[in-house]
Structures are given as structure tokens and as C-alpha cells.
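Note sheet for the following structure.
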Amino acid sequence: MVFSKSLSAEEFNPEVIMNSGQVFRMKREIPGAHGMPDTYSACSGDNDVYFYLNKDNDTWDFVCEEAQWDFWQRYFDFETDYVSFNDSVRASSDKFLKESLMDSFGMRILRQDLWEVFISYIISQNNNIPKIKKSIQVLCDRYSDGIHFPKPDVLAFIPETELMDGTALGYRADYIIGVSKGVLDGSIDLEKISSLPYDEAYNALIKIKGIGPKVANCIMLYGFHFMESYPIDTWMKKIITEDYSSYSKDEYLNYINESYIGFQGYIQQLQFYHKRKKK
DNA sequence: AACCAGGCTAAAA
DNA sequence: TTTTAGCATGGT
């Protein structure tokens with residue numbers, strides 16, 4: 001089933017989204033796939049979609065099962081008006097932020113499968129994006145069908161030595177097995193945590209072994225869709241010291257939280273994408 | 001060939 | 001409470 005949506009380049013740009021470090025398995029298919037020059041595909045939980053810009057009527061066509069269309073509309077966060085918010089960025093006097101926006105039109109914050117986000121960001125710690133993508137793909141190949149993400153009941157029972165072998169997961173393998181068991185026995189309930197208020201959800205997450213402040217904020221932003229989350233990694237630290245040097249860290253965070261209410265996570269994504277692209 | 005990467009845990013101070 | 005060593009491993 002094909003679902004068409006009229007989306008401007010400022011509303012939706014898959015190249016920007018899939019290279020922004022919030023998602024590790026969205027990809028551009030080889031040219032000609034599905035008979036279209038540029039097709040993208042995504043998979044989240046048990047849902048699958050591919051999509052392309054339809055030059056004939058200037059819409060994006062999304063191809064998925066009819067019952068999954070609601071999921072994908074939420075996944076791409078189509079109910080949020082990013083363009084109107086962009087106007088307020090353009091109207092601000094924040095030079096670095098405006099520069100970031102110019103560089104990343106079409107960014108959106110995805111609402112991804114909780115389990116995949118949970119494991120993916122455990123893997124992301126002290127790691128780099130190309131390597132994170134490879135590790136996740138090996139997991140999908142070895143412990144699933146190569147497309148869908150492996151389930152907790154599979155990951156929970158892999159011997160640690162096996163999980164470390166050839167996956168480049170390193171010491172993170174132990175964390176993955178641990179949380180998989182936690183989800184299986186019910187002591188970790190991602191759906192339940194996702195329904196908590198920000199502070200309670202955050203505190204519940206950082207109690208879990210392998211999850212600290214930064215990973216918790218990523219899970220909350222990209223999985224739970226807490227748009228007030230503002231993950232701070234090594235790149236964001238660089239931004240604060242190099243591009244906002246007139247602020248102390250606390251002053252800077254106050255500025256973000258007071259000026260961009262409900263869109264802090266989106267701001268962070270623009271900045272992160274821009275900073276990483278410059279280097 | 002060192003240093004870095006979407007950091008965290010646990011021990012030390 | 002805040003600071004720091006150690007951690008697996010491939011990318012740059």
C-alpha cells in the first residue's frame with residue numbers, strides 16, 4: 001500500500017535524518033531499487049517501510065502495510081510542525097544554531113522502537129558511529145533475519161564470549177546480556193518507563209547497569225520522544241566550550257531550556273549534525 | 001601510531 | 001559528593 005505525503009525539503013530530508021546519529025539502520029537503497037532512482041528504507045520493531053520522492057506529483061510516497069501506516073506517521077513525527085519552530089530559530093540571534101539549521105533542513109526527531117534504541121545506545125558509549133552501525137548490523141545478521149533487530153529472548157542467552165567475538169561490542173556485550181535478561185524477567189519494562197514523567201523515567205534508566213546520563217537521554221529522546229531531552233556527548237561538549245564560550249555550562253543549559261521549550265532535543269540534533277559535518 | 005569515539009562502572013579522594 | 005582509572009575495539 002502506498003501512502004503519499006506532500007513534504008517540503010525543509011519538512012523532510014532522509015539524508016539529513018539518517019546521517020544525524022539518531023538512527024543507525026535507515027539507509028538509501030541502491031539506485032533502481034523498487035524501480036525508483038533514490039529509495040530509502042527503514043525498519044523498526046516489526047514494521048517495515050520504503051519511501052522515495054515521487055517526481056510526478058512532488059510527494060513522498062511511503063510503501064508499507066496498511067496497518068503499519070499509523071506507526072510510521074508517528075515514527076517520522078509528522079504531527080509536529082518543525083518548520084514553524086525553525087522560524088523562531090531564524091528569528092533568534094544564536095549564530096551557531098542558525099548556521100546549524102541552514103545545514104540540516106529536513107531534520108526530524110524519530111520515534112523509534114524502544115528495544116532497538118535501548119540496545120543501540122548502550123552500544124554507542126565510548127564508540128564511533130561507523131563502528132556502532134557495524135556492530136548493530138552483525139547482531140541483526142547473526143541473531144535475526146538480517147533486517148529486523150534481535151529480540152531480548154535471543155540476546156539474553158548468548159554466551160558472553162560468543163557475543164564479543166566478531167561483533168566489536170567489547171565490554172558492552174555484558175551490558176546487553178544483562179538488560180536482555182532484565183526485560184525478559186520483567187524487572188525492566190521499557191513501555192512502563194516511557195510513560196513516566198521525565199525525572200522518574202531518567203532515574204529509572206540510570207539505575208540500569210550500562211546506562212548513564214548520556215545514554216539515558218538518548219533513549220528518552222529517540223525512543224520515548226521526550227523532546228526536552230538534551231544528550232551531551234563529546235561533540236556537544238566541544239560545541240559548548242568552542243561555540244558558546246561566553247556561557248558557563250550551566251548558563252548555557254539554562255539558555256537552551258528557557259529559549260527552546262519542547263524542542264531542546266531537536267536543537268541538539270541540529271547542532272550535533274552540523275558540528276560533526278564541519279570536522 | 002597515537003588518539004578518539006553519541007560514556008559507564010566502581011574505586012578513590 | 002566529585003574525581004579518576006580502566007575498559008574493548010575499530011575509526012581517523
Side-chain angles (χ1 to χ4, degrees), chain A residues 16-26 96 100 103-104 107-110 112-114 116-139 141-142 155 158-182 188 202-244 248-250 252-253 256 264-279:
Chain A
V16 166
I17 294 170
M18 75 183 192
N19 293 315
S20 70
Q22 65 172 305
V23 60
F24 302 108
R25 270 162 17 89
M26 185 182 292
F96 183 79
S100 300
D103 204 19
S104 52
M107 184 75 78
R108 312 185 73 82
I109 301 298
L110 305 177
Q112 301 178 58
D113 176 71
L114 303 188
E116 180 166 348
V117 165
F118 190 62
I119 298 298
S120 294
Y121 282 90
I122 287 174
I123 294 172
S124 80
Q125 62 187 82
N126 201 34
N127 209 340
N128 58 61
I129 291 177
K131 186 158 158 267
I132 296 164
K133 288 181 175 174
K134 283 182 183 172
S135 290
I136 293 173
Q137 191 56 52
V138 172
L139 289 182
D141 289 341
R142 208 189 275 182
L155 297 182
I158 304 168
E160 186 182 349
T161 52
E162 180 189 324
L163 191 52
M164 286 182 76
D165 182 37
T167 60
L169 287 171
Y171 63 92
R172 307 167 193 85
D174 177 52
Y175 299 152
I176 291 171
I177 294 165
V179 299
S180 297
K181 288 182 170 159
I188 299 173
Y202 177 82
N203 288 327
L205 285 175
I206 62 171
K207 278 191 191 123
I208 299 167
K209 187 175 173 186
I211 297 181
K214 190 271 171 183
V215 168
N217 271 297
C218 284
I219 294 166
M220 293 174 75
L221 181 56
Y222 308 128
F224 303 168
H225 210 260
F226 280 85
M227 288 286 268
E228 67 267 46
S229 292
Y230 192 85
I232 297 177
D233 72 320
T234 54
W235 291 96
M236 293 306 298
K237 281 178 186 164
K238 252 180 259 180
I239 288 173
I240 295 173
T241 58
E242 293 175 10
D243 302 294
Y244 293 89
S248 71
K249 189 185 173 186
D250 285 348
Y252 172 76
L253 290 177
I256 292 293
Q264 295 97 317
Y266 172 63
I267 293 290
Q268 176 271 159
Q269 205 63 35
L270 301 178
Q271 295 170 314
F272 177 83
Y273 179 80
H274 179 55
K275 189 71 173 180
R276 230 168 63 85
K277 201 172 166 187
K278 280 210 295 191
K279 278 284 175 168

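Below, all heavy atoms of this structure are taken into account, side chains as well, without hydrogens, waters or symmetry copies. Chain letters run A, B, ... following the sequence lines, proteins first, then strands; residues in each count from 1.
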Quiz item: So, for I17(A) and M107(A), which heavy atoms are closest and what is the spacing to 0.1 Å?
Solution: CG1-CA, 4.2 Å
Exercise. Measure the CD-SG distance between Q125(A) and C218(A) for me, rounded to the nearest 0.5 Å.
Key: 11.0 Å
Quiz item: Where do L221(A) and F226(A) come nearest, in terms of heavy atoms and distance?
Solution: CD1-O, 3.3 Å
Exercise. Might you confirm whether atom NZ of K238(A) has over 12 heavy atoms from other residues, nucleotides or ligands at distances under 6.0 Å?
Key: yes
Practice problem: Report which part of the nucleic acid K238(A) touches: base, sugar-phosphate, or nothing (heavy-atom distance under 4.0 Å, all strands). | Solution: sugar-phosphate
Exercise. List the atom of S135(A), the atom of L169(A), and the distance in Å for their closest heavy-atom pair.
Key: CB-CD2, 3.9 Å
Self-check item: M227(A) side, atom CE; I267(A) side, atom CD1 - distance, nearest 0.5 Å
Solution: 9.5 Å
Quiz item: Over how many whole Å does the gap from D165(A) atom CG to dT9(C) atom C1' extend?
Solution: 13 Å
Quiz item: Mind checking the P distance from dC4(B) to dA5(C)? Whole angstroms is fine.
Solution: 15 Å
Self-check item: Spatial distance of atom OH (Y230(A)) from atom CD (Q269(A)) [nearest 0.5 Å]
Solution: 10.5 Å
Could you run down the sub-3.5 Å N/O contacts of the protein with nucleotides 10-12 of chain C?
| from | atom 1 | to | atom 2 | distance (Å) |
| --- | --- | --- | --- | --- |
| dG10(C) | N2 | N128(A) | ND2 | 3.1 |
| dG11(C) | OP1 | K134(A) | NZ | 2.6 |
| dG11(C) | O4' | N128(A) | ND2 | 3.1 |

Exercise. Identify whether any heavy atom of L169(A) sits under 4.0 Å from a base atom; if not, whether one sits that close to sugar-phosphate; answer base, sugar-phosphate or nothing.
Key: nothing
Practice problem: Output the residues of residues 170-180 of chain A in contact with DNA chain B, where contact means a heavy atom of the residue under 4.0 Å from an atom of the strand; sort by number or write none. | Solution: Y171(A), Y175(A)
Practice problem: Give G21(A) one of three labels, base, sugar-phosphate or nothing, depending on what nucleic acid heavy atoms sit under 4.0 Å from its own. | Solution: base
Quiz item: Can you give the first and last nucleotides of DNA chain B, 5' to 3', that have an atom under 4.0 Å from a heavy atom of chain A?
Solution: dA5(B) to dA10(B)
Exercise. Could you give the distance separating dT12(C) and dG7(B) at their P atoms, to the nearest angstrom?
Key: 15 Å
Quiz item: Does a side-chain heavy-atom distance below 4.5 Å link V16(A) with D103(A)?
Solution: no
Practice problem: Using a heavy-atom cut-off of under 4.0 Å over every strand shown, decide if M164(A) touches base, sugar-phosphate, or nothing. | Solution: sugar-phosphate
Exercise. Please state the P separation for the pair dG11(C) and dC8(B) - nearest whole angstrom.
Key: 22 Å
Self-check item: Spacing of the C1' atoms in dG10(C) and dT9(B) (rounded, Å)
Solution: 22 Å
Quiz item: Within a strict 4.5 Å, meaning less than it, do heavy atoms of the K278(A) and H274(A) side chains meet?
Solution: yes
Quiz prompt | Stepwise salt bridge (Lys or Arg N to Asp or Glu O under 4.0 Å) check, D243(A) with K275(A) | solution = CA-CA 10 Å; D243(A) 302 294; K275(A) 189 71 173 180; 2.8 Å; yes
Quiz prompt | Nearest atoms (heavy-atom pairs only) where S100(A) meets Q271(A) | solution = OG-CA, 3.7 Å
Quiz item: Which heavy atom of S229(A) sits nearest a heavy atom of M220(A), and at what distance?
Solution: OG-CB, 3.5 Å
Quiz item: Roughly how far apart are R276(A) CZ and T234(A) OG1, rounded to 0.5 Å?
Solution: 9.5 Å
Quiz item: Looking at side-chain heavy atoms only, is the closest gap between F224(A) and L205(A) below 4.5 Å?
Solution: yes
Quiz item: Of the non-hydrogen atoms in K237(A) and I232(A), which two are nearest, and what is the gap between them?
Solution: CG-CG2, 3.8 Å
Practice problem: Sequence neighbours left out, what passes side chain to side chain contact (heavy atoms under 4.5 Å, CB included) with K279(A)? Give chain and number order. | Solution: W235(A)
Self-check item: Residue whose closest nucleotide on DNA chain B lies nearer the 5' end, I232(A) versus G210(A)
Solution: I232(A)
Quiz item: Expressed in whole Å, how much space separates the P atoms belonging to dG6(B) and dC7(C)?
Solution: 22 Å
Quiz item: Parallel under 30°, tilted from 30 to 60°, perpendicular over 60°: which one fits the rings of Y121(A) and F24(A)?
Solution: tilted
Practice problem: Residues of residues 265-272 of chain A with any non-hydrogen atom less than 4.0 angstrom from an atom of DNA chain B: list those, numerically ordered, please. | Solution: Q268(A), Q269(A), F272(A)
Exercise. For DNA chain B, determine which residues of residues 212-222 of chain A have any heavy atom closer than 4.0 angstrom to one of its atoms, and list them numerically.
Key: G212(A), P213(A), K214(A), V215(A), Y222(A)
Exercise. Would you mind classifying the nucleic acid contact of S20(A) as base, sugar-phosphate or nothing, using non-hydrogen atoms under 4.0 angstrom?
Key: base
